[in-house]
Amino acid sequence: QVQLVESGGGLVQPGGSLRLSCAASGSIFSFYAMGWYRQAPGKQRELVAAITSLGSTNYADSVKGRFTISRDNAKNTVYLQMNSLKPEDTAVYYCNAVNELVRGYNYWGQGTQVTVSS
């Protein structure tokens with residue numbers, strides 16, 4: 001089983017940067033696709049970025065060119081580097097892990113708040 005713990009959220013001014021981390025426990029981390037989702041008040045949860053076990057990435061159009069997802073399998077950690085932050089990036093950010101080979105293994109972290117405001 002995979003346990004996920006996010007960190008790195010906080011308050012930042014528009015144009016600033018933050019790096020989110022998601023630390024995962026478990027012996028099969030390398031077989032999971034990882035993603036970052038976010039949910040703002042009154043809005044649906046949306047996929048921000050995802051990365052497969054082989055390193056292929058996918059980004060929401062709204063964050064392309066500004067956010068970068070990466071993973072370090074040796075450290076069981078996935079990162080989201082967020083640059084040029086905008087007020088509309090304000091949300092709770094959640095880490096997600098999905099087993100690429102076996103259905104039914106889908107895990108979520110507790111979330112970390114990101115607030116972009118002047």
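Please read all numbers here as calculations on a predicted model, not as lab measurements.
Around atom OH of Tyr105, no more than 12 heavy atoms belonging to other residues, nucleotides or ligands sit under 6.0 Å away. Dense packing is recorded around CD of Glu88, with more than 12 heavy atoms of other residues, nucleotides or ligands lying under 6.0 Å away.
Within the structure, the disulfide (SG to SG under 2.5 Å) test picks out no pair touching residues 34-87 (sequence neighbours left out). Residue pairs satisfying the disulfide (SG to SG under 2.5 Å) criterion with at least one member in residues 43-91, sequence neighbours excluded, are absent. For residues 36-85, no residue pair satisfies the disulfide (SG to SG under 2.5 Å) rule, not counting sequence neighbours. Annotation: salt bridge (charged side-chain N to carboxylate O under 4.0 Å, His left out) contacts involving residues 46-57, sequence neighbours excluded, comprise Arg38-Glu46.
No side-chain donor-acceptor contact under 3.5 Å links Asn96 to the backbone of Met34. In this structure a side-chain-to-backbone donor-acceptor pair under 3.5 Å is missing from Arg71 to Ala33. With hydrogens and angles ignored, the 3.5 Å screen pairs no side-chain donor or acceptor of Thr115 with any backbone N or O of Thr90.
Looking at residues two or more places apart in sequence or on another chain, you find a side chain to side chain donor-acceptor pair (under 3.5 Å) between Gln110 and Glu6. Residues that satisfy the side chain to side chain contact (heavy atoms under 4.5 Å, CB included) test with Ser70, not counting sequence neighbours, are Tyr79. Listed by chain and residue number, Asp89 satisfy the salt bridge (charged side-chain N to carboxylate O under 4.0 Å, His left out) test with Arg66 (two or more places apart in sequence, or in another chain). In this structure, Lys43 has no salt bridge (charged side-chain N to carboxylate O under 4.0 Å, His left out) partners at least two apart in sequence or on a different chain. Applying the side chain to side chain donor-acceptor pair (under 3.5 Å) rule to Ser53 yields the partners Glu100; only residues at least two apart in sequence or on another chain are considered. With sequence neighbours excluded, no residue satisfies ring-ring contact (aromatic ring centres under 6.0 Å, His included) with Phe67.
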Tell me which donor-acceptor pairs under 3.5 Å the side chains of residues 11-23 have, and how far apart each pair is, sequence neighbours excluded?
| from | atom 1 | to | atom 2 | distance (Å) |
| --- | --- | --- | --- | --- |
| Ser17 | OG | Asn83 | OD1 | 2.9 |

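Here the OG1-CG distance, from Thr68 to Leu80, works out to 8.0 Å after rounding to the nearest 0.5 Å. In this structure, CG in Leu101 is found 9.5 Å from OH in Tyr32, a value given to the nearest 0.5 Å.
The hydrophobic cluster containing Tyr59 also contains Val116, counting ILVMFWY residues as joined when their side-chain heavy atoms lie under 4.5 angstrom apart, directly or transitively. At a threshold of 4.5 Å between side-chain heavy atoms, the hydrophobic network of Ile, Leu, Val, Met, Phe, Trp and Tyr places Ile69 and Leu54 in two separate groups. One hydrophobic cluster, built from ILVMFWY side chains closer than 4.5 Å, holds both Val78 and Tyr107.
Think of Tyr94 as one node in a network of Ile, Leu, Val, Met, Phe, Trp and Tyr side chains linked at under 4.5 Å; its network also takes in Tyr37, Leu47, Val92, Trp108.
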